[in-house]
Amino acid sequence: MTPEHTRLVAALRELRVGAGLTLAALAERTAYSKSSWERYLNGKSLPPRQAVRELCRLAGEPPGRLLALWEITEAHWSGRAASSPAPAAARPAPQDGSPLPPPLTREPAGTRAWRRPGRSRLLVLLAAAYTVIVGGVAAVLFLLLPDSEEREEDPRPASVPFSLAPLCHGAACEGRDPMRLICGIGPDTLAAYRTATGAHVELRHSDKCGASWARTWGTEIGDRLDVTADGPTHSVLVANADDAAAFMYTGMTEVSRGSTVRACFRPASVDGERECFEARVGEAAPATRSAAPAVPAGSGGQPAGAAGPENSGEAPGLRPALPDAHRRQTGTFVRS
């Protein structure tokens, strides 16, 4: 790849990562396939001008600088920067052995100007030098000048402008990705919890989307998170090291004010216990909770004045780590 192409690919990759867009998300929200985006972002082929513009739009980036770099890259890619005139034909030598007259060539259109044969080679060299200078100046301008909106003669297409408004609501969000449908911008945290393995789990809610979901981080490969709210259960599995190093989100579940949302974390270890907690939509967000130690059945280790399992709705032999007054505010936390 040329240096310009390398800089273009690096800039496109940085935009995609900064916007949190996967190849599948790019394919869904643009006119280009997942395999096409893979070639563009690996430098295997030059992306179309419109693909660069679309990625800038999705990332909220002014397209001026990247389109200027694309113009330079495309000129070298297509070979337009290396064009040169054809050499002049050689004159035959005289047959009678007389001395060869001065090698002069008359210009077309009846002009009086004369030139030497070596002048065409000089023009080729000057044209090549001009191309290198223009390319260098354009690269310097791209690196030094601030971003500016692109000014083109052709008008922008009459498309719907990029918006941060959610793309679904209520039942239309059921089981779908909260980040891709822009429900994950400014959500409420209904409850936060830390598991016995050290993973963090949060119940999240968006009033604009009328839906809730769960997210987790600090996980291990094989961990699983479920969420439900009087409807289907939606899950997410930590499948590889990339998942374990990032935020993982369940699908959304439709809720209304007063609905109870329940999340259950299942660790990858065979001897690990499932840990569940609940929160009610519309209540104040509690502080982060940690995993509660299990109380052996029949040990009598229940705090004085606390409700028994038959009255609290918790699994037998389990108790919350905080007093009942706090548990009523934050919801029920159990391990099973």
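Remember, it's a predicted structure, so these values are computed and weren't measured experimentally. Computed over heavy atoms, backbone and side chain alike; hydrogens, waters and symmetry mates excluded.
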- Message: To the closest 0.5 Å, what do you measure between CG (L66) and CG (L15)?
- Response: 5.5 Å

- CA sep, side-chain torsions, deciding dist, call: K44, E38, salt bridge (charged side-chain N to carboxylate O under 4.0 Å, His left out): CA-CA 8 Å; K44 297 177 182 177; E38 189 273 336; 3.3 Å; yes

- Within-4.5 Å side-chain heavy-atom neighbours: H205 and P187: no

- Residues R204 and T189: side-chain donor-acceptor under 3.5 angstrom: yes

- Rounded to the nearest 0.5 Å, the CD atom of E61 sits from the CD atom of E14 at a distance of 8.5 Å

- Do the numbers put R215 on top of the ring of F247, so that NZ or CZ is under 6.0 Å from the six-membered ring centre and no more than 45° off the axis? yes

- Which atoms form the tightest heavy-atom contact between K208 and P166, and what is the distance? CB-CG, 3.8 Å

- Could you walk me through whether E4 and L69 pass side chain to side chain contact (heavy atoms under 4.5 Å, CB included), step by step? CA-CA 7 Å; E4 292 79 8; L69 181 57; 4.3 Å; yes

- Task: Kindly indicate whether the side chain of L55, heavy atoms from C-beta on, has any atom under 4.5 Å from the side chain of L12.
- Result: yes

- Looking at residues at least two apart in the chain, or sitting in another chain, which of them share a disulfide (SG to SG under 2.5 Å) with C264? C276

- Hey, quick one: are L237 and M252 part of the same hydrophobic cluster, counting side-chain heavy atoms closer than 4.5 Å, chains of contacts allowed? no

- Query: So how far is it from H5 NE2 to W70 CH2, rounded to the nearest 0.5 Å?
  - Reply: 11.0 Å

- Rounding to 0.5 Å, atoms SG (C168) and CD1 (I182) come to a distance of 9.5 Å

- With the side chain counted from C-beta on, respond yes when E174 and H234 share a heavy-atom pair under 4.5 Å apart, and no when they do not. yes

- Give a yes/no on whether the SG-to-SG distance for C183 versus C173 is below 2.5 Å. no

- Check the surroundings of atom CZ in R257: do more than 12 heavy atoms from other residues, nucleotides or ligands lie under 6.0 Å from it? no

- Hey, does the side chain of T30 reach the backbone of L26 with a donor-acceptor pair shorter than 3.5 angstrom? yes

- Using the six-membered ring wherever Trp is involved, compare the ring planes of W37 and Y40 and label them parallel, tilted or perpendicular (cut-offs 30° and 60°). perpendicular

- With a 4.5 Å heavy-atom cut-off, do T253 and W213 have their side chains touching? no

- With no hydrogens and no angle check, do the side chains of E254 and H169 hold a donor and an acceptor under 3.5 Å apart? no

- Item | salt bridge (charged side-chain N to carboxylate O under 4.0 Å, His left out) contacts touching residues 176-186 (sequence neighbours left out) | E28-R180

- Would you name the heavy atoms of G251 and V227 that are closest together and state the gap between them? O-CG1, 3.8 Å

- Message: What I'd like to find out is whether the side chain of V52 reaches to under 4.5 Å of the side chain of L67, using heavy atoms alone.
- Response: yes

Enumerate, atom names and distances included, each donor-acceptor pair closer than 3.5 Å involving a side-chain atom of residues 217-225, sequence neighbours excluded.
residue: D223; atom: OD1; partner: A268; partner atom: N; Å: 2.7
residue: D223; atom: OD2; partner: E220; partner atom: N; Å: 2.8
residue: R224; atom: NE; partner: D226; partner atom: OD1; Å: 3.1
residue: R224; atom: NH2; partner: S235; partner atom: OG; Å: 3.2

- Measure from the side-chain N and O atoms of R16 to the backbone N and O of L21, and report whether any donor-acceptor pair falls under 3.5 Å. yes

- Task: Would you sort out whether S256 and V281 count as a side chain to side chain contact (heavy atoms under 4.5 Å, CB included), showing the intermediate values?
- Result: CA-CA 7 Å; S256 58; V281 176; over 6 Å; no

- Say you draw a straight line from CG of L190 to CZ of R280; how long is it, rounded to the nearest 0.5 Å? 11.5 Å

- Student check: side-chain heavy atoms of P47 and Y32 closer than 4.5 Å: no

- Query: Is there a side-chain contact between R274 and F265, using heavy atoms and a 4.5 Å cut-off?
  - Reply: no

- Side chain proximity check, T233 to T250, heavy atoms < 4.5 angstrom: no

- Message: Distance alone, cut at 3.5 Å: any donor-acceptor contact between the side chains of Y193 and E275?
- Response: yes

- Query: Ignoring hydrogens and geometry, is there a side-chain-to-backbone donor-acceptor pair from T216 to H200 under 3.5 Å?
  - Reply: yes

- Note on the structure: In this structure, CG of D242 is separated from CE of M248 (nearest 0.5 Å) by 10.0 Å

- Query: Going hydrophobic residue to hydrophobic residue with side-chain gaps under 4.5 angstrom, can you get from V17 over to L41?
  - Reply: no

